[in-house]
Amino acid sequence: MKTVQISFRQARLRPRVPTREGHNVAPCALLVAAASFFFSVGDGATLGGHQVQSGGSLDLQFPLSNYFQEYAAQGGNPRPTTGRALLFFPNGFDPARSWPILIVTSTTDLDRTSIMDAPWYRDAAIKEGWVVLATDTAIRPRADSLQWRLSILTAGLRMIRTDWPQSAQWPVAFAGFSGGAKRSGILAAMLASNRGFKICGMFLAGINSDRVTAAYKDYQPPTDFLNTPIWISSGTTDQIAPPGTQEGVYYSLKRAGFKQVRLEKFFGGHALKSAEIQRALHWFREVGKF
């Protein structure tokens, strides 16, 4: 099977067969910018030509190059020409400093999008001093494939790094609920294989199968990926991802060699708890010492 290597500089694609939840997509090589950056707090921060407010939000659109259009269109999807990014910024935000980013990924069910899910994480992230990022496009895909998700997310990260090159060094965590948790784990492993992407945590809520281990084997990120802290959030009465199933995910990750995995239970069903998100983000900071 041929390998796809995404490059920001070349548009040479060698596609694999697209899947919904499988691992037949090769990771993208994120841009590590080296250009000098000048920022004046007095002038205010901007991103994509839009003003950024401390403690506020920003919903913007950005153009997609032909390269990302082609990659997203694999498997018969339409070619998206415009990406959309929703960001929430903590109080005191200043891009001249380092800020951890929480990338939100939604499930493929129920017509959910990552941008629809992002507000669920806002309060917890703001309290812990994190930036929240979710990406989407102006059109809907025929098949919500990993190629589609990966191309838009990577283009969004490139847009941020173009304006704020120093953000290439910011810690990044992935978060998702239910099917979004599965997708988050896969994307984390794919981007970690870049060896220039600083993964600092995974928050997996309501997850009923371990997709991280398979992605780790497929994409072979550096071995220190096994040190990534993983927080599994489990409802005691969850009928979709029963506690026993989530315990199975925990032990599967431990057998694979992941060293810092926590299975945290709360009273409730198949739900996302803001207090659990905040605890996880605080723990990621403690482990990563940032």
Side-chain angles (χ1 to χ4, degrees), residues 1 16 19-27 102-109 112 114 117 121 144-146 149-150 171-195 197-273 276-277 279-281 283-284 286-288:
M1 184 174 291
R16 289 182 174 183
T19 65
R20 287 178 60 86
E21 297 288 355
H23 305 151
N24 296 328
V25 185
L102 182 65
I103 295 175
V104 173
T105 302
S106 70
T107 184
T108 60
D109 306 8
R112 298 295 304 183
S114 300
D117 285 6
Y121 299 83
D144 191 0
S145 64
L146 279 171
R149 297 283 186 113
L150 179 63
V172 173
F174 288 80
F177 171 62
S178 195
K182 299 173 188 175
R183 286 265 173 133
S184 289
I186 298 170
L187 289 171
M190 293 167 71
L191 293 180
S193 66
N194 221 337
R195 289 170 171 77
F197 206 76
K198 193 174 180 181
I199 309 295
C200 68
M202 286 178 264
F203 177 80
L204 311 178
I207 189 169
N208 57 17
S209 67
D210 173 19
R211 302 300 174 86
V212 182
T213 295
Y216 173 70
K217 294 176 180 177
D218 284 350
Y219 300 110
Q220 300 179 358
T223 55
D224 62 3
F225 184 67
L226 295 174
N227 295 323
T228 305
I230 301 175
W231 184 291
I232 302 171
S233 181
S234 173
T236 56
T237 59
D238 193 334
Q239 299 299 309
I240 297 175
T245 302
Q246 299 200 51
E247 289 175 5
V249 174
Y250 170 84
Y251 287 113
S252 176
L253 290 167
K254 295 294 286 185
R255 286 194 299 271
F258 286 93
K259 299 176 177 63
Q260 302 188 85
V261 186
R262 289 176 63 168
L263 173 60
E264 296 291 334
K265 299 181 180 181
F266 61 87
F267 291 104
H270 196 60
L272 187 63
K273 296 292 185 180
E276 293 298 297
I277 299 170
R279 291 178 63 207
L281 297 182
W283 181 54
F284 296 161
E286 288 183 338
V287 174

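- A distance-only check finds no donor-acceptor pair linking the side chain of T245 to the backbone of A241 [under 3.5 Å].
- For the residue pair F266 and A271, the shortest heavy atom distance occurs at CZ-O, 3.5 Å.
- Distance alone, capped at 3.5 Å, is enough to place a donor-acceptor pair between the S114 side chain and the S106 backbone.
- Interatomic distance, OH of Y250 versus CZ of R255, reported as 11.5 Å (0.5 Å rounding).
- In terms of heavy-atom proximity, G179 sits nearest to T107 at CA-OG1, 3.4 Å.
- Taken from CG in L102 to OH in Y121, the straight-line distance is 7.5 Å, to the nearest 0.5 Å.
- Atom CZ of F197 sits about 11.0 Å away from atom CZ of F225, to the nearest 0.5 Å.
- Atom CD in E264 sits 4.5 Å away from atom CZ in R279 (nearest 0.5 Å).
- Across every non-hydrogen atom of A189 and Y219, the tightest pair is O-CB, 4.1 Å.
- In this structure S234 satisfies the side chain to side chain donor-acceptor pair (under 3.5 Å) test together with Q246, sequence neighbours excluded.
- Look at E247 and K265 and you find a salt bridge, because one of the NZ, NE, NH1 or NH2 atoms lies within 4.0 Å of a carboxylate O, short of that distance.
- I232 contributes atom CD1, which lies 11.5 Å from atom CZ of R262 (distance to the nearest 0.5 angstrom).
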Between Y216 and T223, does the side chain to side chain contact (heavy atoms under 4.5 Å, CB included) criterion hold? Intermediate values first, please. CA-CA 9 Å; Y216 173 70; T223 55; 4.2 Å; yes
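- Shown here for P222 and S193, the closest heavy-atom pair between the two residues is CD-CA, 4.3 Å.
- If you take CG on L263 and OH on Y251, they are separated by 8.0 Å, rounding to the nearest 0.5 Å.
- More than 12 heavy atoms of other residues, nucleotides or ligands shown are found within 6.0 angstrom of NZ on K259.
- In terms of modelled atom types and a separation under 3.5 Å, the side chain of E276 and the main chain of S233 share no donor-acceptor contact.
- Taking all atoms of both residues into account, the shortest heavy-atom contact from R149 to D144 is NH2-OD2, 2.7 Å.
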Apply side chain to side chain contact (heavy atoms under 4.5 Å, CB included) to residues Q239 and H270 and explain how you reach the verdict. CA-CA 7 Å; Q239 299 299 309; H270 196 60; over 6 Å; no
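- No donor-acceptor pair under 3.5 Å is formed between the side chain of Q260 and the backbone N or O of F258.
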Listed pairs under 3.5 Å, donor-acceptor, residues 198-210 side chains, sequence neighbours left out:
unit_1 : atom_1 : unit_2 : atom_2 : d
N208   : OD1    : K182   : NZ     : 3.0
N208   : ND2    : I240   : O      : 3.4
S209   : OG     : R211   : NE     : 3.1
D210   : OD1    : V212   : N      : 3.0
D210   : OD1    : T213   : N      : 3.1
D210   : OD2    : T213   : OG1    : 2.5
D210   : OD2    : S252   : OG     : 2.6

